[in-house]
Amino acid sequence: MAITHCCCDYPKVTNLQQRRDKWDNARERFRDEWSSEFGSWPTTATGKVWPGHHIFDLAHGGPPVAPGNVVPVPGDVHKVFNDEYPACYAPGGKWLTPGPERPYSD
């Protein structure tokens, strides 16, 4: 796994759009490469591909296309991750303590 717990104290990057563009431009190739190792990238029943979740988020310096930093998650779960993730960086937040050794294994 890319990390052992959710939160880190990283400053926001100044080149977020550049990082997002790099991910957008590499997304299809990334999914193809991921699929060659793990099987088809998951899709919904209607064929819509699951989003790729950046474990170490782009806004705080996570690598946009590192194989160990992006995992597929269902869209509704990805929304929960994105809604909760800012709490990682909030002072005194509940996410500032180490979590399980493999947080995405369940």
Side-chain angles (χ1 to χ4, degrees):
M1 303 309 300
I3 58 173
T4 57
H5 54 82
C6 175
C7 299
C8 302
D9 189 17
Y10 294 100
K12 285 192 173 185
V13 297
T14 58
N15 63 343
L16 178 58
Q17 190 58 52
Q18 180 182 18
R19 293 169 163 282
R20 288 195 189 284
D21 291 346
K22 184 172 184 177
W23 169 243
D24 288 342
N25 292 333
R27 182 181 294 132
E28 292 302 319
R29 187 188 70 222
F30 181 91
R31 288 176 180 156
D32 289 342
E33 291 173 6
W34 186 93
S35 295
S36 70
E37 184 173 349
F38 300 108
S40 296
W41 188 271
T43 60
T44 66
T46 61
K48 184 176 178 180
V49 295
W50 286 9
H53 174 68
H54 288 84
I55 299 167
F56 179 7
D57 72 306
L58 298 178
H60 292 91
V65 295
N69 192 44
V70 182
V71 294
V73 295
D76 57 339
V77 174
H78 194 237
K79 181 178 178 347
V80 171
F81 287 169
N82 286 341
D83 289 348
E84 288 292 328
Y85 206 77
C88 282
Y89 296 93
K94 66 181 180 179
W95 299 110
L96 292 178
T97 58
E101 182 176 338
R102 297 180 188 260
Y104 294 96
S105 64
D106 289 341

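In the hydrophobic cluster analysis, where Ile, Leu, Val, Met, Phe, Trp and Tyr join through side-chain heavy atoms closer than 4.5 angstrom, V49 is grouped together with V70. Residues V71 and V80 fall into different hydrophobic clusters, defined by Ile, Leu, Val, Met, Phe, Trp and Tyr side chains chained together at heavy-atom separations under 4.5 Å. Placement of L58 and V13 within a single hydrophobic cluster is found when ILVMFWY residues are connected by side-chain heavy-atom separations under 4.5 Å, directly or transitively.
Under the 4.5 Å side-chain criterion, counting only non-hydrogen atoms from C-beta, F56 is in contact with P63.
The distance from atom NE2 of H54 to atom CZ of R20, rounded to the nearest 0.5 Å, is 9.0 Å. Rounding to the nearest 0.5 angstrom, the gap separating the CG atom in D21 from the CG atom in N15 is 10.0 Å. Distance check: W50 CH2 to W41 CH2 gives 10.0 Å after rounding to the nearest 0.5 Å. Here the CG-CZ distance, from D24 to F30, works out to 13.5 Å after rounding to the nearest 0.5 Å.
Scanning all heavy atoms of the two residues, the minimum distance from I55 to G68 falls at CD1-O, 3.9 Å. For the pair P64 and W23, the tightest heavy-atom approach, listed with the atom from each and the gap, is O-CE3, 3.2 Å.
The aromatic rings of H78 and H53 sit perpendicular, their planes meeting at an angle over 60°, well past the 30° parallel limit.
At distances below 3.5 Å, not a single donor-acceptor pair connects side-chain atoms of S40 with backbone N or O atoms of P42.
Inspection of the H60 and D57 side chains reveals an N or O donor paired with an N or O acceptor under 3.5 Å.
Salt-bridge formation is not detected for the pair R29/D32: no Lys NZ or Arg NE/NH1/NH2 atom is positioned less than 4.0 Å from an Asp or Glu carboxylate oxygen.
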